[in-house]
Structure formats: C-alpha cells, structure tokens
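One structure below.
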Amino acid sequence: MDILETLKNRRSCRKYKAEQISKDELIKIIEAGEFAASGMGRQSPIIVSVTDKQTRDQLSALNAEAMGKSAAEVDPFYGAPQLLIVLADKTIPTYIYDGSLVMGNMMNEAASLGIGSCWIHRAKQTFESDIGKALLEKWGIKGDYEGIGNLIIGYPDGDTPIAKPRKDNFVYFA
C-alpha cells in the first residue's frame, strides 16, 4: 500500500476478532517500531509484545483501574487479543517523543497489513503501580522506564471508521 494512502486511511479500531494476528504480521509491526526515528539515534524505547491472554487481561484490568473503573465495567483494550507496550528510558531527554514515534510507526504498519490498532493511554500509570513494576521485573526489564502507550492490535471486526475532513488552517506556509 502507498504510504500516504496508509496514513490517510488508518483509523483507530475499537472492535476486534478474537483471533490473534500471524507471527509474521506481528514481527513486521514490531520491526516498524524498531526503525522509528529517535533523538540522536539513542533508541530510548523498548517494546513488550503481549500475546498471552492472562497477561493481556491483567493489563486491561490495571488500565481500567487507572481510569477509576473495574475490569467488570470496562475493557479498555476493546477486546483486542494482543498488545504491544511501548516503554522508554526516562534518562534520555527525548524519550516521550521517541516512544510516540514507535507507536506511530507500528500503527501505520498495522494499517498497511489490514490489521486494526488503537493507542490506549495509561501505560504510564500502569507501570508506575506496584503490580506494573513487578511485571517489568518478571519480564527482565531493568532501568528507569516510563510507559508511553499500549498499542492494541488484531483483526478488525467490522468496518473501519472514515476519516473526518481535515480542519481549515491546518497548515501555514511561511
């Protein structure tokens, strides 16, 4: 797919089939994140791939809790079977921007493959919690990392929303 067409047509997906995406598709999405630009090439972000349902559900519950809700009330991950968590090293001045670029690259690669995705916030709160810190330790992640975002991914279950018209005065030429 043409890059500009992908960018124009990518939209957040909020309804997913239960089936996980293929390993090849997952690797391509992760690779797109790995090649995101970063300040001075320092590569402050890391990506955690979650395909295990129990871990996914635990993270969804922690995310709901950060919203002030319970897992029984809401699934902040909209039923997506998988997620990619982006964390970034807080000792690097550009870490938030670097992590955001990783998220954007992965969302766009997912769209180019026909895979739905949606950036879900509250990764910061999740991984500042005692349970979140314990998960990082369990996964062998050491350092001063902050959660940048949760990228839920999966095969869309239904139509993708259509882009809203672009606002007036979006671009100024000087």
Side-chain angles (χ1 to χ4, degrees), residues 1 3 6-7 10-14 16-64 66 75-129 131-156:
M1 187 182 277
I3 292 171
T6 297
L7 297 173
R10 190 216 62 80
R11 292 291 160 268
S12 294
C13 178
R14 292 184 176 85
Y16 296 86
K17 296 177 181 175
E19 173 189 0
Q20 291 200 1
I21 66 172
S22 76
K23 180 80 169 184
D24 287 343
E25 291 166 326
L26 178 63
I27 295 301
K28 285 179 183 177
I29 294 167
I30 291 170
E31 187 174 23
E34 288 178 296
F35 282 90
S38 64
M40 298 181 71
R42 290 184 176 151
Q43 302 178 44
S44 66
I46 59 173
I47 302 165
V48 178
S49 175
V50 177
T51 56
D52 172 65
K53 182 170 176 21
Q54 182 179 354
T55 304
R56 178 255 182 241
D57 291 348
Q58 180 183 23
L59 289 164
S60 177
L62 287 170
N63 197 287
D75 173 12
F77 296 162
Y78 298 101
Q82 295 167 257
L83 72 142
L84 297 166
I85 303 161
V86 175
L87 304 130
D89 182 347
K90 294 192 311 188
T91 66
I92 306 292
T94 57
Y95 77 98
I96 293 174
Y97 312 110
D98 297 345
S100 296
L101 287 165
V102 169
M103 292 287 290
N105 271 22
M106 292 192 304
M107 288 188 293
N108 288 317
E109 179 61 15
S112 79
L113 298 170
I115 294 166
S117 69
C118 186
W119 182 328
I120 305 297
H121 292 283
R122 296 170 296 280
K124 179 182 188 306
Q125 296 90 330
T126 295
F127 292 101
E128 286 176 345
S129 73
I131 296 170
K133 288 176 186 175
L135 284 170
L136 293 177
E137 187 175 323
K138 174 183 169 185
W139 298 333
I141 297 170
K142 294 175 173 64
D144 195 11
Y145 285 96
E146 181 174 298
I148 303 300
N150 301 290
L151 183 63
I152 57 173
I153 55 175
Y155 297 119

Which atom names give the shortest non-hydrogen contact between [X] and [Y], and what distance separates them?
| X | Y | answer |
| --- | --- | --- |
| Ser49 | Leu26 | OG-CD2, 3.7 Å |
| Ile120 | Tyr78 | CD1-CE1, 3.8 Å |
| Glu34 | Ile47 | N-CD1, 4.3 Å |
| Cys13 | Gly116 | CB-CA, 3.8 Å |
| Gly99 | Pro45 | N-CG, 3.7 Å |

Atom OH of Tyr97 with >12 non-hydrogen neighbours under 6.0 angstrom: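 Not buried by this count: 12 neighbours or fewer within 6.0 Å.
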Side-chain touch [X]/[Y], heavy atoms, less than 4.5 angstrom:
| X | Y | result |
| --- | --- | --- |
| Lys28 | Ile21 | no |
| Met103 | Ser117 | no |
| Met106 | Ile153 | no |
| Ile148 | Ser100 | yes |
| Asn63 | Leu59 | no |
| Leu84 | Ile29 | yes |

Going by atom types alone, do Thr6 and Asn108 pair a side-chain donor with an acceptor below 3.5 Å?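 The answer is no; no qualifying pair exists.
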Decide side chain to side chain donor-acceptor pair (under 3.5 Å) for Thr91 and Asp144; before the verdict, give the C-alpha distance in whole Å, the side-chain angles of both, and the deciding distance to 0.1 Å. CA-CA 7 Å; Thr91 66; Asp144 195 11; over 6 Å; no
Identify whether the distance between the nearest side-chain nitrogen and carboxylate oxygen of Lys53 and Asp57 falls below 4.0 Å.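 Yes.
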Using the salt bridge (Lys or Arg N to Asp or Glu O under 4.0 Å) criterion, which residues pair with Asp89? Sequence neighbours excluded.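 Partners of Asp89 by the salt bridge (Lys or Arg N to Asp or Glu O under 4.0 Å) criterion come out as none, since no residue qualifies.
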Got a donor-acceptor contact below 3.5 angstrom from the Gln20 side chain to the Thr51 backbone?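 Flag set: sc Gln20 to bb Thr51 pair under 3.5 Å.
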Residue of the set Val50, Val48, Ile141, Leu62 for which side-chain contact (heavy atoms from CB on, under 4.5 Å) holds with Leu135: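 Checked Val50, Val48, Ile141, Leu62 against Leu135; only one passes side-chain contact (heavy atoms from CB on, under 4.5 Å): Leu62.
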